[in-house]
Amino acid sequence: MNSVNKADVIVVGAGPAGISAAIEVARGAKKVLLIERAQYAGSKNMYGGAVYTSALKEIFKDDFNSIPYERVINSHTWAFLTDTGSFEMTYKNDDSTSSYAIKRFNLEKWMIEKAKEAGVYYIPNTLVTNLLLKDGAVIGVKTENEEYFASVTILADGVNSLLSRQINLRNNYEPKDIILSVKEAIKLDKKTIEERFNLKDDCKNGVNKQYFGTGFGNLKNVKNLFMMSFLYTFKDTVMVGVGANLADLTKNKLNLNQILDEVKKHPDISPLIKDGETIEYSAHLIPEGGYNKMPKLYSSGVIIAGDAAGFINSVHFEGTNFALISGKLAGETVLAAFENNDFSDRSLSLYRKKLEKSFILKDLYSYRNVIDKLYSRSNSLSVYYPKKIRELFEIITSANCISKAQQMRAYISSFFKDRNIVELFKDAFAFIKCGLDVFFGK
Ligand SMILES: Cc1cc2nc3c(=O)[nH]c(=O)nc-3n(C[C@H](O)[C@H](O)[C@H](O)COP(=O)(O)OP(=O)(O)OC[C@H]3O[C@@H](n4cnc5c(N)ncnc54)[C@H](O)[C@@H]3O)c2cc1C
């Protein structure tokens, strides 16, 4: 056997989870191979646009200051879209540096350099096709041309994680547990972006907008579709995208590219991207099964991290931080296994304990029912309440020779006329249940 093909640890996938895991192992003076199918790490990865900085600081310490971000995202807007406008809520804090807009290609490129400096052997352009097994334990991986052997293999191969399915670690997700998302990168010059979004010209300001609601354009008559759209400002590009779950898209026979076109035409969004040139179009899946669909996270000789394990909190657009920290915890677990020279299922169960102590399993547990509840009330959230909010603000912002008291009474009684009271109770129950789960979480 070629000595190059033998390592202490193999990590599959050079996304945030894999790179972070490999760095942790290399820092513990173990030989680690990081195998990535893409020619350039990050080129096959896609996300909305902002990385939460706390996880990066925890892993990269002082090096964090050289990260190639494009803007600090410190203005966050949540908007309900109606047919003619929107209801928006914005939180802006110029001092906040908790999230950065970074292109994935640049993020992964920078992290790979740091990994190499830490001693990681990086093998790009190489697809892992199979796991190698002996007596039920994973002993390495097979690529198209080679076999590589190690005491532990960390699977950080992203949302589809075909490899963890090979050893039945991952339950197959149902269509309702997967979000399909498409995104366009729209080029505009830096000055135009700063004028349109009221930003300072030093990239210390940036905007993230999250949009809810389907009651506009061609989507107006679509029922049972819960979708979220988003917009992020980069230095000289604006990212606009939309995501919806596969079950809703299939049931409604909807094409997400057409939905994105509708979103881009919305009167609140189109002026922000006017005259921009689409320079990139990408699509990706997001695992949304959460805590209830979490796979067994380890087995003899193998650990799963990041999206492969379904570590995402899509309510808050958090994924890269879950990936980075789960990778780090996977690395720590492996180092502890080396100290005991024990790579068994029992030894690697330390990984789950570490995750339970971290925000990762605490948050996943607290949010375990939220997504299902939101989907179950999709008509309310996407159509009914945006419409009622618009009607309320029409009353507040216009004078039409009818007393406000009369208008408010009519408005409140319309809730019960427009909608079956049972549905209103179901909405209330769902929202209260989600709130209580999160409030009384771990
Ligand atoms: C539309 C969208 C918006 C998002 N927005 C945000 C956001 O704003 N903020 C945020 O924090 N998160 C966001 N996320 C989530 C975030 O992108 C992911 O959670 C994160 O990338 C997961 O990292 P990972 O390392 O687990 O997986 P990935 O980043 O998917 O990396 C997996 C890597 O494994 C490689 N690979 C796969 N199979 C193999 C194989 N067999 N052999 C070799 N290599 C392989 C892939 O090429 C890839 O490089 C978003 C996701 C999407 C889709």
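Whatever order the structure lists ligands and atoms in, that order sets their numbers, starting from 1.
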*Asks:* Below 4.0 angstrom from a heavy atom of Gly306, which ligand 1 atoms are there? Numbered from 1 as shown, please.
*Replies:* 26 (O)
*Asks:* Given Tyr232, Tyr40, Tyr47, which one has a non-hydrogen atom that is nearest to atom 14 (N) of ligand 1?
*Replies:* Tyr47
*Asks:* Classify the contact between Ile312 and ligand 1 as side chain, backbone, both or neither, using a heavy-atom distance cut-off of under 4.0 Å.
*Replies:* side chain
*Asks:* When you compare ligand 1 with Ala50, is there at least one nitrogen or oxygen pair between them that comes in under 3.5 angstrom?
*Replies:*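 Between Ala50 and ligand 1 (N or O atoms, distance only) the closest approach is under 3.5 Å.
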*Asks:* Kindly say whether the aromatic ring centers of Tyr121 and Tyr148 come within a distance under 6.0 Å.
*Replies:*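 No, too far apart.
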*Asks:* State whether the shortest distance between N or O atoms of Val51 and N or O atoms of ligand 1 falls below 3.5 angstrom.
*Replies:* no
*Asks:* May I ask you to check if ligand 1 and Ser181 share an N or O to N or O distance below 3.5 Å?
*Replies:*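 Among all N and O atoms of Ser181, none is under 3.5 Å from an N or O of ligand 1.
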*Asks:* Can you list the ligand 1 atoms lying under 4.0 Å from a non-hydrogen atom of Val12?
*Replies:* 40 (C), 42 (N), 43 (C)
*Asks:* Flag the pair Val32 / Asp8 as yes when at least one side-chain heavy-atom distance between them is below 4.5 Å, and no otherwise.
*Replies:* no
*Asks:* Within ligand 1, which atoms have a heavy atom of Asp157 less than 4.0 Å away?
*Replies:* 32 (C), 34 (O), 37 (C), 38 (N), 39 (C)
*Asks:* Determine whether the aromatic ring centres of Phe212 and Tyr385 lie less than 6.0 Å apart.
*Replies:* no
*Asks:* Take atom CG of Asp135 as the centre, draw a 6.0 Å sphere, and report whether it contains more than 12 heavy atoms from other residues, nucleotides or ligands.
*Replies:*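 Incorrect, the count does not exceed 12.
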*Asks:* For Ile286, which part has a heavy atom under 4.0 Å from ligand 1: side chain, backbone, both, or neither?
*Replies:* side chain
*Asks:* Measure from NZ or CZ of Lys296 to the centre of the six-membered ring of Tyr298, then state whether that distance is under 6.0 Å and the direction lies within 45° of the axis.
*Replies:*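 Yes, a cation-pi geometry.
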*Asks:* Please lay out, stage by stage, how Phe60 and Trp110 fare under the test ring-ring contact (aromatic ring centres under 6.0 Å, His included).
*Replies:* CA-CA 11 Å; Phe60 295 102; Trp110 179 84; 4.8 Å; yes
*Asks:* Which heavy atom of the protein is the closest neighbour of atom 35 (C) of ligand 1, given with residue, atom name and distance?
*Replies:*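 So the nearest neighbour among protein heavy atoms is Glu36 OE1, 3.3 Å.
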*Asks:* Do Phe230 and ligand 1 have an N or O pair less than 3.5 Å apart?
*Replies:*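 No: no nitrogen or oxygen of Phe230 is under 3.5 Å from one in ligand 1.
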*Asks:* Is the cationic atom of Arg170 (NZ for Lys, CZ for Arg) positioned less than 6.0 Å from the six-membered ring centroid of Tyr173 and within 45 degrees of its normal?
*Replies:*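 Judged by the rule, Arg170 and Tyr173 form a cation-pi pair.
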*Asks:* Which residue and atom name correspond to the protein heavy atom nearest atom 30 (O) of ligand 1, and how close is it?
*Replies:* Gly158 CA, 3.8 Å
*Asks:* Of the listed options (Gly48, Ser161, Ala309, Pro124), which comes nearest to atom 4 (C) of ligand 1 when hydrogens are ignored and any heavy atom counts?
*Replies:*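 Nearest heavy atom to atom 4 (C) of ligand 1 lies in Gly48.
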*Asks:* Identify the residue among Asp236, Thr192, Thr237, Asp275 that makes a side chain to side chain donor-acceptor pair (under 3.5 Å) with Lys187.
*Replies:* Asp236
*Asks:* Return the residue, atom name and 0.1 Å-rounded distance of the protein heavy atom closest to atom 36 (N) of ligand 1.
*Replies:* Arg37 NE, 3.6 Å
*Asks:* I want to know if ligand 1 touches Pro16 in the polar sense, i.e. an N/O pair below 3.5 angstrom.
*Replies:* yes
*Asks:* How close does the nearest protein non-hydrogen atom get to atom 48 (C) of ligand 1, and which residue and atom is it?
*Replies:*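 Heavy-atom neighbour on the protein nearest atom 48 (C) of ligand 1: Asn45 OD1, 3.2 Å.
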*Asks:* Can you tell me if Thr129 has a non-hydrogen atom under 4.0 Å from ligand 1?
*Replies:* no
*Asks:* Less than 6.0 angstrom from the centroid, inside 45 degrees of the normal: does Lys209 satisfy that with respect to the ring of Tyr232?
*Replies:* no
*Asks:* Is the shortest N/O to N/O distance between Phe317 and ligand 1 below 3.5 Å?
*Replies:* yes
*Asks:* Return the orientation label for the Tyr351 and Phe311 ring planes: parallel under 30°, perpendicular over 60°, tilted otherwise.
*Replies:*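 Because their plane-to-plane angle lies in the 30° to 60° range, the rings of Tyr351 and Phe311 count as tilted.
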*Asks:* Look at atom 26 (O) of ligand 1 and say which protein heavy atom is nearest, naming residue and atom and giving the distance to 0.1 Å.
*Replies:*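 Scanning the protein heavy atoms, the shortest distance from atom 26 (O) of ligand 1 goes to Asp307 N, 2.8 Å.
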*Asks:* Give me the nearest non-hydrogen protein atom to atom 42 (N) of ligand 1 as residue plus atom name, then the distance to 0.1 Å.
*Replies:* Val128 N, 3.0 Å
*Asks:* Please report the C-alpha distance between Leu272 and Leu231 in whole Å, then the side-chain angles of each, then the deciding distance to 0.1 Å, and finally whether the side-chain contact (heavy atoms from CB on, under 4.5 Å) criterion is met.
*Replies:* CA-CA 10 Å; Leu272 300 175; Leu231 179 152; 4.0 Å; yes
*Asks:* Closest approach of Glu108 and Gly15, non-hydrogen atoms and distance?
*Replies:* OE2-CA, 3.7 Å
*Asks:* If the contact criterion is a heavy-atom separation under 4.0 Å, does Met46 count as touching ligand 1?
*Replies:* yes
*Asks:* Any nitrogen or oxygen of His284, side chain or backbone, less than 3.5 Å from one on ligand 1?
*Replies:* no
*Asks:* What is the distance from atom CZ of Arg104 to atom CE of Met111, rounded to the nearest 0.5 Å?
*Replies:*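 So the CZ of Arg104 and the CE of Met111 are separated by 7.0 Å.
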*Asks:* Just go through Ser43, Ala17, Ala38, Ala283 and tell me whose heavy atom is the nearest to atom 25 (O) of ligand 1.
*Replies:*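 The nearest heavy atom belongs to Ala17.
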*Asks:* Counting non-hydrogen protein atoms only, what is the nearest one to atom 32 (C) of ligand 1? Give residue, atom name and distance.
*Replies:* Ala156 O, 3.5 Å
*Asks:* Sort out for me which residue in Tyr211, Phe216, Phe80 forms a ring pair (Phe, Tyr, Trp, His ring centres under 6.0 Å) with His266.
*Replies:*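 Exactly one option meets the ring pair (Phe, Tyr, Trp, His ring centres under 6.0 Å) with His266, and it is Phe216.
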*Asks:* As an exercise, identify every atom of ligand 1 less than 4.0 angstrom from a heavy atom of Gly49.
*Replies:* 8 (O)
*Asks:* Hey, looking at atom 11 (O) of ligand 1, which of Leu324, Thr143, Thr320 has the closest heavy atom?
*Replies:*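 Going through Leu324, Thr143, Thr320 one by one, Thr320 has the nearest heavy atom to atom 11 (O) of ligand 1.
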